[in-house]
Every structure is written in C-alpha cells, then in structure tokens.
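Chain naming here is simple, since letters A, B, ... match the order of the sequence lines and numbering starts at 1 in each.
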Amino acid sequence: MSSETGPHEDVPDDHNLPEQGHPQGREPGEGSVSLPEQDPFANPGLPAHQHRVQDVDEAAAKRSERTVAMLFTLSMLATVGFIASFVAFPADKIVYIWPAGHISALNFSLGMTLGIALLGIGAGAVHWARTLMTDTELIQERHSISAEPEVRAQVIEEFKQGATESQFGRRRLVRNTLYGAMALLPLSGVVLLRDLGPLPEDKLRKTAWKKGKVLVNENTGLKLKPEDITVGSLAFAKPEGLDHGEHGWANEIAKAALMLVRIEPADIKDKQSLDWSHEGILAYSKICTHIGCAVSLYEQQTHHVLCPCHQSTFDLADGARVLFGPAGHPLPQLKISVNKDGFLEAQGDFAEPVGPAFWERG
Amino acid sequence: MSISTSNRTEAETSDRRKAPAGERVADWADGRLSIYGAAKATMRKIFPDHWSFMLGEVALYSFIVIILTGVYLTMFFTPSMAEVEYHGSYVPMQGVVMSEAYASTLDISFDVRGGLLIRQIHHWGALIFLAAMFVHMMRVFFTGAFRKPRELNWVFGFTLLVLGMFTGLTGYSLPDDLLSGTGLRFLHGAILATPVIGTYLAMFLFGGEFPGTEIIPRFFAFHILLLPGIMLALVVTHVTLVFYQKHTQFAGAGKTNKNVVGTPLLPVYTAKAGGFFFLVFGVISVIAATFTINPVWTIGPYRPDQVSTNAQPDWYLGFPEGLVRIMPGWEINVLGHTLVMDLIIPLMVVFPVVLGAIAAYPFIESWVTGDKREHHILDRPRNVPTRTAFGMAWVSWYFVLLIGGGNDLWATYLHLSINSITWFVRIGFFVVPILTFIVTKRICLGLQRADREKVLHGRESGIIKRLPHGEFVEVHEPLSQEELHVLAGHEQYQPLEIGPETDEHGVVRKVNPVERVRVSLSKGYYGEGGQIPKPTAEEYRELTSGHGHH
C-alpha cells in the first residue's frame, strides 16, 4: 500500500487504489486537515453528517409530515375519482382538452386520476424518505466475489472425488453412448417443427393470373376496359373472381395485386415492356421487389413510382427499372391484351416471381 | 450456555408468547424458509445514491407496468386472423371485413371501459422501457460500470435489450392493422432473403404463404409467453447480481473500492425506490391519458395489397430500418440462386455485428488493459477518453440511422428531397461516427487538462489582489481534500509496450500478431494523445509548498 512508501505515488502500480474512509476515520468537521503527508490526493474519509432542517426543527418535521399525509390523501381522492369516472363517463364521449385536442373523456379522466393516485403515493414516499427518515450515510465493506483459496481447493477436491466416484472418465463406453443419446434426443423436437408450415415448392413463383383472366378494378370490382385507364392515371387491379373475405384471399392478393398505368407508347423506352402492354397500358406487379410492401406513390409526369416503405423508386416507362433505393430488381410486368368483349385480360402468369427476392429465385 | 434442554424450551415458549404477532409470523416463516438468514444479508444493505442510478430503475419499473397491463390485455384480445365483419361501437369501421385480432383491438379501444387507457399505458410503457434500457446502458458504459466483476451482468442487460426489441416487434404486430401488417411484410421479406433456408424459414414461421392465418397466433405466444418469460428470468438474475455484487459508486469522500457508502435498503432505499415505482407508473398513466399512441382505428385493417405512408417501426427498431433504407439495391445471381445483398448486409451482417460488438465490449477492454482486478469505483467519462469517444461515436451513428429510418418524415417536414436525405445518411453512416469520435476525444482531453489545472492551481476565486510591487494577480483558492481526491485520486493505465524486437542475445524475438493488435489498441487508449497525465504528488507539492506564487 502506498501509504508507507513515499516517493512513487505517481507510478500507477497495481495497488494504488485509495483505501481511506473506514468508519474509524470519521471525525466531525474533517476536511483537508487530515491530509496525509505522502499522498496529497488521499481520500479524506466520510465527512460528518449534515443535519437537515427537519432534524433540528420539529416544526419543519411536522410540516414534512403534513405534506406527506396530504400527498397520500390526494392519492385516495384520485382513486375515488377513478371509480367515479369509470361509472360516470360513457366510452364514446369525446371532449376537448387543451393541448391534447379532442380526446376520449373516459380515457382522459381514468388516466389522469390513476396517474395522480400513483404519483401521490410515489411523491409522498420519496418526500418521507428525503425529509423524515434518517439520512445518515453508512459504510458497508465489500466482500470478495471470488471464493477463498481453501474453499476453492475444497470444492475442486470434492468435484474430483464425485467425478471419480461416478466413473464417468473411466467407463468410456457409458460416457460415449450418453453423449450420443443426448445429441440425438433434440432431433425429436426438430422433427416436430416440420408441420409448422408447408414446403415452399413453387408457391412463390405462381400467382392467380393465367391466360384469359380478366383484370378487375380493385376498388369497384368492375371489369376494366382500355378506355377506363386514361393517360397519366394509376389504377389498381386484381384477377376476376378473387373477392375480399373469401378463404385464401389474402395470400392470393399478396401476390396478384396489380398496378395499371397508361403511358404514350412513344414514351415507353423498353421494347419488351411495350410489347407486353396494350395501347400503352402497362400492368406491373404492385408488390415491391425489395421487401414486399404495396408500391403506390405514382408521379405521372416522370412515370416514377415510389414504395412508401423504403423509397425504392421504379421507372414505369423503362420496364420498371430501379432508379433509387434498396430494391434489387425491377417490378415484374404482366403481359396483357384485350379479349373479344373488349375487357383487359392477362396473357398468362408473371414471367418471374413477384415480390421480394429469395435464394431459389435465380 | 448451561441451561438444560427443558429449561430452554420453556424459555423459548414463554418468549414466543410475549413476542408480537409480526415476529411470530416471521418465526413461523423462518422455521420453513430460513428468512432471517436472507434478511440479515439484505435488509440493511447499503445502496449508494446518484441520479444516474435511477435509469435502470425506470427500466425495471416500466417492465413491471408492461407485465401488469399486458396480462389485462390478454383477457380481451383475440389472437386470430379469421375474418369477421365488424359490428362494434366505432361507427366508421362498422361493416368492414377485418381479422378478429383487429376487431378485438377495436373492442379494447372503444367498448371496454378503460381498455384504451391500459392499451396506451402498455404501448407507452414499452417505448419508455426500451428508452430506459438504452440510457441505463449508456450510463453503465460511460462510467465503466461493466468492468470486472460486472461483465456478465452487462451481457444479461444487453440480452434484455435485444429481447425487448423483439418483444416490442411481436407486440406491435398483433393488432393486425395496416401498419403492423406492413411490419410483418417486412419481416417476411427479410426472412426470405436468408441464404439457402430463407423460403423454408418463411413458410414454417408463417405457416405457409404470406400472410396466412398463423402468424398472429404464433406471435401472440412469443409475445406473451416465450419472450417475457425469458426476460423475467433475466431481469431477476440481473437485479440479483446487482444485490450480490453490491452497487458501484462514484469516487468521493469516504468512498473506496472496498466499501459501499449510502443509505440502507430498509427504510430509506425501500421508500425511495418503492416510491419511484409509483412515480414511473404515474407518469406513464398521465402520458397515456393525454397522448394517443398507435390509433389503429384510423389506419384500418391490414390488406396485403395496400400500404400506409409513414410506415416506420417503433423507435427502437429505427436503427435496422435506417440500415435497410440507405442500402443501395444489390442482388447477386449465381448458379440459379440469388443472394439478396440489399437485405443480407444491413440485417444479417451490420445489425448483428454491431450488437455483438456492444455485447463483447467489456471483454475487449479488459483484454486491452490486462486488468484482472475488481472495479467498484466508477470512472468519470473524461478520464477514459477513448472509451467515451467510442460510445459517443456509436450513439451518433445510431442517431444518423434513426434519421435514415424516418427519411420520409424528414423529407415531408423539412421539405427536402428524400434522395438527398438518403444520400446524407449514406455518407453520414461513415463520416459522422469518425468525426464524433475525434471531437469527443478532444473534449475529454480538454476536460482532463482543466482538471489538472484546477488540482495544481486551485479554483479561480474571481478576487483580484494587488501585490506590494504593484502587480495584480487573481487569487486561486485551493481545492478541498474531497475535490482533490475526486479529480486526481484515480489511477491511469500506462500503454503496453511490445518490448525490444531482439532478445539479449540479439536473436529476433517473435511477437504474436494478436499481441501487436493489443499493444496498438492499448497505445490508442492510454498512450500519448489518449490521455493527459494526471498531476503527480511531486508536481502538486512543488506548486503548493509556498502559497502565493503563481
């Protein structure tokens, strides 16, 4: 310990942690007086307790007592208020509360009364602790986390004895077959997980679109004609017969959702894209190729469409090429034409999987 | 003691007759649970006091609030994706086809009295829980409270943070509104991107194709049983270790590495900490009363063909969200297979590596210092400039990515192009942490210089004195012994040296490359430019031996 050696406190040796401040080192009014000669930065020890006003003035202590009691009483009143609000306010009553705006009267009154009931108890308890309970700082020694050497030696000895008595190390056959059994056992649990879901097969490659499937307006449910899609507009479509609420609807629409735009054929830059369109009407998958959100923000002047989730931007006039953002490939296009009744129909399923990429996509 | 057995029994019996009821109940329990032994060690246990020690308490208490409100919510929530037509009291949604999960969330919000309040307390509590864990972790990091013997408790706390994020994710996915369904869509796409097994994982987790009908019941089980069960066990372990290892404390008069100075558990700490639980709960209640959170009724039920704008996760997942948003599109197609790098890099490389580095930090630092001693006195952040700079660099990086995670909001509110913001974040991702590191380190060194100055020359008193020969000087007041101890009583590590390249016989010594890394890290931490040497006793004595000259 550095206190008995003079000259080299400045060398941060392994044991120069301060060791002052034991209870016996406490003297009233202790300050820089007890400066040890050797270490000017020594720990001066715990200073004398400073009395609070409540410790010396009973009137102040009484005031504190009344404050705490008042806070606890406030809490009681708030709980009564909570019950009263629960009974009094209907669930649908809306009131204007500044600055929160128009909010539910029941929610506001229940929350505020519960809050006050809790805060009353909390503030009362803390005020009680701070002003009335003894605030003398006490010192406790820390015990070593590690065991004493004798204890350590004894434990290791006993473990060795136990291990020897088990004959675990000597009877290799027992040991190795136990390892094998324990290693195989969890396989049962893994096998049980098999029925969590079906195998992928080609599910991600197929959608509800097929040759002759008529395009239906997603909102109105009406079959779409080319003249319904004006230049510059964006419409959403689904395959005919896929109706909301039917069994399996969500899984199908999650792949089949379609986005229709009409661009002057002269402005369509991509050759295949033009071939797959009908009079400038282009049908693209609405499911973003990044992570699967529904792409929906269309800028008609530039023919750009933006996904609101991660801002992948696609150029619909150029085969839905990715212009910006994290998407890794263009939106798949659906080849469309007009059937004999004049309605837009698909010429087949998408040529590539829709939605986010996956390992087998290729 | 020489009294006979029968006498003693008699004495015990008569003692017990006189003992008050409380003591008799305690005796009964002690005879079965040995409670006196446990109470002896804990009842008057000393806890040091500092405002920053409250942050962990906020996390603990908000966790309790979340459990209490969560149990209530399970009684009304229906974790089912079966479609029903809504006929509850919220008029705008009447007749709309939606999942039972969404319909029961509307019922909790509009038909169960107080249901909305509990839902809002639950959600606000979760945000506060995660925020409290973050700031608590920063307190522990910047003060070096993670050092031996507390490295494992750092890892437990870190695990709680990660589990908290995923419990939050599984929780806000449950109402099946348009926003939470979009979050599930994100999760599905991210799982699909996993090389080799992605499609299988996605099919098994979702019970088939997206969205299927299984994911909400399954997430419900994770959210209310599996994850909170693990978290509860970890919280108990974490707090037990704090008890067992005793709390750290800042340097101060009387406070040493071998003791703990403060007030006892009974009564002061019980009253303060117990009262603080009610304060935390009360504040969350008042927030839930006045600020609407996640109004699922305005967003509408989830449909895979629709999306809402402002689709952000809760704030604590803003950092992986930012990583995903700033990553440029990149897919590698080889031999008929696709590596979805635009999701693999942010979510399966950067995110886990950064989290892993946080978990491993205590072990890295103790490897660099080679220090095997216990540390119970907290560091002042300025005294470990490199660690503090690392921490601040990480925090700045986190905030840059939060901007990235909400780039659409920033674009809307600041009327800026979303592309510019994304590019700002892409560049900031690399530049901001480096700048923050340099600036923080310089600030720490400056503060260390100021401390040194103050120790050697005292505090500027503002009093100007005229000396007999006419010179004006400012009087500097010497510091108290406690201040001297706090500012200069700490120890400083010396940087490691590789040692001579050749041994005493002139033979070239082989130096392990790992050792070289360790030495250069040590020089970065504690070498020249890594810290300002604290004043030595000699310097102090030399300057203070004769008062008056400056």
Q. Quick one: of Arg325(B), His337(B), Glu85(B), who has the most non-hydrogen atom pairs under 4.5 Å with chain A?
A. His337(B)
Q. Using a cut-off of under 4.5 Å for heavy-atom pairs, which of Gly198(B), Ala311(B), Gly405(B), Pro328(B) has the most such pairs with chain A?
A. Pro328(B)
Q | Per-residue contact mode, Ile121(B) against chain A (heavy atom under 4.5 angstrom) | A | side chain
Q. Between Val126(A) and Leu279(B), does a side-chain contact (heavy atoms from CB on, under 4.5 Å) hold up when you go through it step by step?
A. CA-CA 9 Å; Val126(A) 171; Leu279(B) 291 180; 4.1 Å; yes
Q.
Is the shortest side-chain heavy-atom distance between Leu204(A) and Thr199(B) below 4.5 Å?
A. yes
Q. Which heavy atom of Ala257(A) sits nearest a heavy atom of Asp305(B), and at what distance?
A. CB-CB, 3.6 Å
Q. Where on Ala488(B) is there a heavy atom nearer than 4.5 Å to chain A: the side chain, the backbone, both, or neither?
A. both
Q.
For Lys45(B), I'd like to know if atom NZ has over 12 heavy atoms of other residues, nucleotides or ligands within 6.0 Å.
A. yes
Q) For atom NE2 of His143(A), is the number of surrounding heavy atoms from other residues, nucleotides or ligands below 6.0 Å larger than 12? A) yes
Q: Evaluate the side-chain proximity of Asn251(A) to Pro211(B): yes if any heavy-atom separation is below 4.5 Å, no if none is.
A: yes
Q. Which one, Asp195(A), Leu118(A), Ile145(A), leads in non-hydrogen pairs under 4.5 Å with chain B?
A. Leu118(A)
(Q) Quick one, Phe41(A) and Pro535(B) - any side-chain contact, counting heavy atoms below 4.5 Å? (A) yes
Q. If you draw a 6.0 Å radius around CH2 in Trp249(A), do more than 12 non-hydrogen atoms from other residues or ligands fall strictly inside?
A. yes
Q. Of all heavy-atom pairs between Pro304(B) and Ile253(A), which one has the smallest distance, and what is that distance?
A. CG-CG2, 3.8 Å
Q) Using a cut-off of under 4.5 Å for heavy-atom pairs, which of Met259(A), His127(A), Lys286(A) has the most such pairs with chain B? A) Lys286(A)
Q: Measure distances from Ile103(A) to the heavy atoms of chain B and classify the residue's part below 4.5 Å as side chain, backbone, both or neither.
A: side chain
Q: Begin with the C-alpha distance, continue with both residues' side-chain angles, and end with the deciding distance and a verdict on side-chain hydrogen bond (donor to acceptor under 3.5 Å, both in side chains) for His310(A) and Glu321(B).
A: CA-CA 8 Å; His310(A) 304 97; Glu321(B) 174 79 6; 3.3 Å; yes
(Q) With a 3.5 Å distance limit and no angle check, can you tell me whether Gln140(A) reaches the backbone of Ile46(B) through a side-chain donor-acceptor pair? (A) yes
Q: Can you tell which part of Lys238(A) gets under 4.5 Å to a heavy atom of chain B, answering side chain, backbone, both or neither?
A: neither
Q: Compare all side-chain heavy atoms of Val260(B) with those of Ile139(A) and state whether any distance is below 4.5 angstrom.
A: no
**Q.** Proximity breakdown for Ser89(B) and chain A, heavy-atom pairs closer than 4.5 Å
**A.** neither
Q. Is the number of heavy atoms from other residues, nucleotides or ligands under 6.0 Å of Trp128(A) CH2 greater than 12?
A. no
Q | Chi angles and distances behind the side-chain contact (heavy atoms from CB on, under 4.5 Å) call for Gln306(B), Glu218(A) | A | CA-CA 11 Å; Gln306(B) 287 180 359; Glu218(A) 189 184 276; 4.1 Å; yes
Q. For Pro267(B), is it the side chain, the backbone, both or neither that has a heavy atom under 4.5 Å from a heavy atom of chain A?
A. both
(Q) Heavy-atom pairs under 4.5 Å with chain A - which of Gly262(B), Pro149(B), Gly404(B) has more of them than the others? (A) Gly262(B)
(Q) Out of Thr113(A), Leu106(A), Asp92(A), return the one with the most heavy atom pairs under 4.5 angstrom to chain B. (A) Leu106(A)
Q.
Just by distance, no angles: are the side chains of Glu137(A) and Thr263(B) close enough, under 3.5 Å, to form a donor-acceptor pair?
A. no
**Q.** Which atoms of Leu258(A) approach chain B - backbone, side chain, both or neither, heavy atom under 4.5 Å
**A.** neither
(Q) Do Thr290(B) and Ile97(A) have side chains that approach each other closer than 4.5 Å (heavy atoms only, starting at C-beta)? (A) no
Q) Would you say the side-chain atoms of Asn407(B) and Gln311(A) include a donor-acceptor pair closer than 3.5 Å? A) yes
**Q.** Interchain contact, Thr194(B) with chain A, by part (heavy-atom threshold 4.5 Å)
**A.** backbone
Q: Run the numbers on Trp359(A) and Tyr200(B) for side-chain contact (heavy atoms from CB on, under 4.5 Å), then give the verdict.
A: CA-CA 10 Å; Trp359(A) 172 249; Tyr200(B) 290 85; over 6 Å; no
Q. Rounded to the nearest 0.5 Å, how far apart are CG of Leu306(A) and CG of Asp408(B)?
A. 9.0 Å
(Q) Are there over 12 heavy-atom neighbours, none belonging to Arg218(B), within less than 6.0 Å of that residue's CZ? (A) yes
Q.
Within the 4.5 Å heavy-atom criterion, are Val324(B) and His290(A) side-chain neighbours or not?
A. yes
Q.
At a 4.5 Å cut-off on heavy atoms, which part of Arg44(B) comes close to chain A: side chain, backbone, both, or neither?
A. both
Q. What part of Glu83(B) gets closer than 4.5 Å to chain A, counting heavy atoms only: side chain, backbone, both or neither?
A. side chain
Q) Which bit of Gln312(B) comes within less than 4.5 Å of chain A, counting heavy atoms only: side chain, backbone, both or neither? A) neither
**Q.** When Ala123(A), Ala100(A), Ala254(A) are compared by non-hydrogen pairs under 4.5 Å with chain B, the top option
**A.** Ala254(A)
(Q) Please classify the contact of Leu343(B) with chain A as side chain, backbone, both or neither, using a heavy-atom distance under 4.5 Å. (A) side chain
Q) Is it the side chain or the backbone of Phe186(B) that comes within 4.5 Å of chain A heavy atoms, both, or neither? A) both
Q: Can you tell which part of Asn333(B) gets under 4.5 Å to a heavy atom of chain A, answering side chain, backbone, both or neither?
A: side chain
Q: Could you tell me which non-hydrogen atom of Arg541(B) sits nearest to which non-hydrogen atom of Pro40(A), and how far apart they are?
A: NH2-CD, 4.0 Å
Q | Under-4.0 Å salt bridge between Arg142(A) and Glu374(B) | A | no
Q. Does a side-chain heavy-atom distance below 4.5 Å link Val340(B) with Pro356(A)?
A. no
**Q.** Best-contacting candidate, Ala129(A), Ala125(A), Ala250(A), Ala91(A), against chain B by heavy atom pairs under 4.5 angstrom
**A.** Ala250(A)
**Q.** Contact class of Val97(B) relative to chain A, heavy atoms under 4.5 angstrom
**A.** both
Q. Is chain A contacted by the side chain of Val280(B), its backbone, both, or neither, given a heavy-atom distance below 4.5 Å?
A. neither
(Q) Under 6.0 Å between ring centres: does that hold for Phe358(A) and His188(B)? (A) no
Q. Which answer fits Phe276(B), side chain, backbone, both or neither, if we ask what part of it has an atom under 4.5 Å from a heavy atom of chain A?
A. backbone
(Q) If you define the side chain from C-beta out and look only at heavy atoms, does anything of Lys272(B) sit under 4.5 Å from Met133(A)? (A) no
Q: Considering only heavy atoms and a distance below 4.5 Å, find which of Ile118(B), Val286(B), Ile326(B) pairs most often with chain A.
A: Val286(B)
Q.
Applying side-chain contact (heavy atoms from CB on, under 4.5 Å) to Thr422(B) and Phe324(A), what does each step give before you reach the verdict?
A. CA-CA 10 Å; Thr422(B) 306; Phe324(A) 188 78; 3.6 Å; yes
Q | Between Phe204(B), Phe281(B), Phe277(B), Tyr244(B), the one whose heavy-atom pairs under 4.5 Å with chain A are most numerous | A | Phe204(B)
Q: With a 4.5 Å cut-off on heavy-atom pairs, point out which of Asp342(B), Val307(B), Thr338(B) contacts chain A the most.
A: Thr338(B)
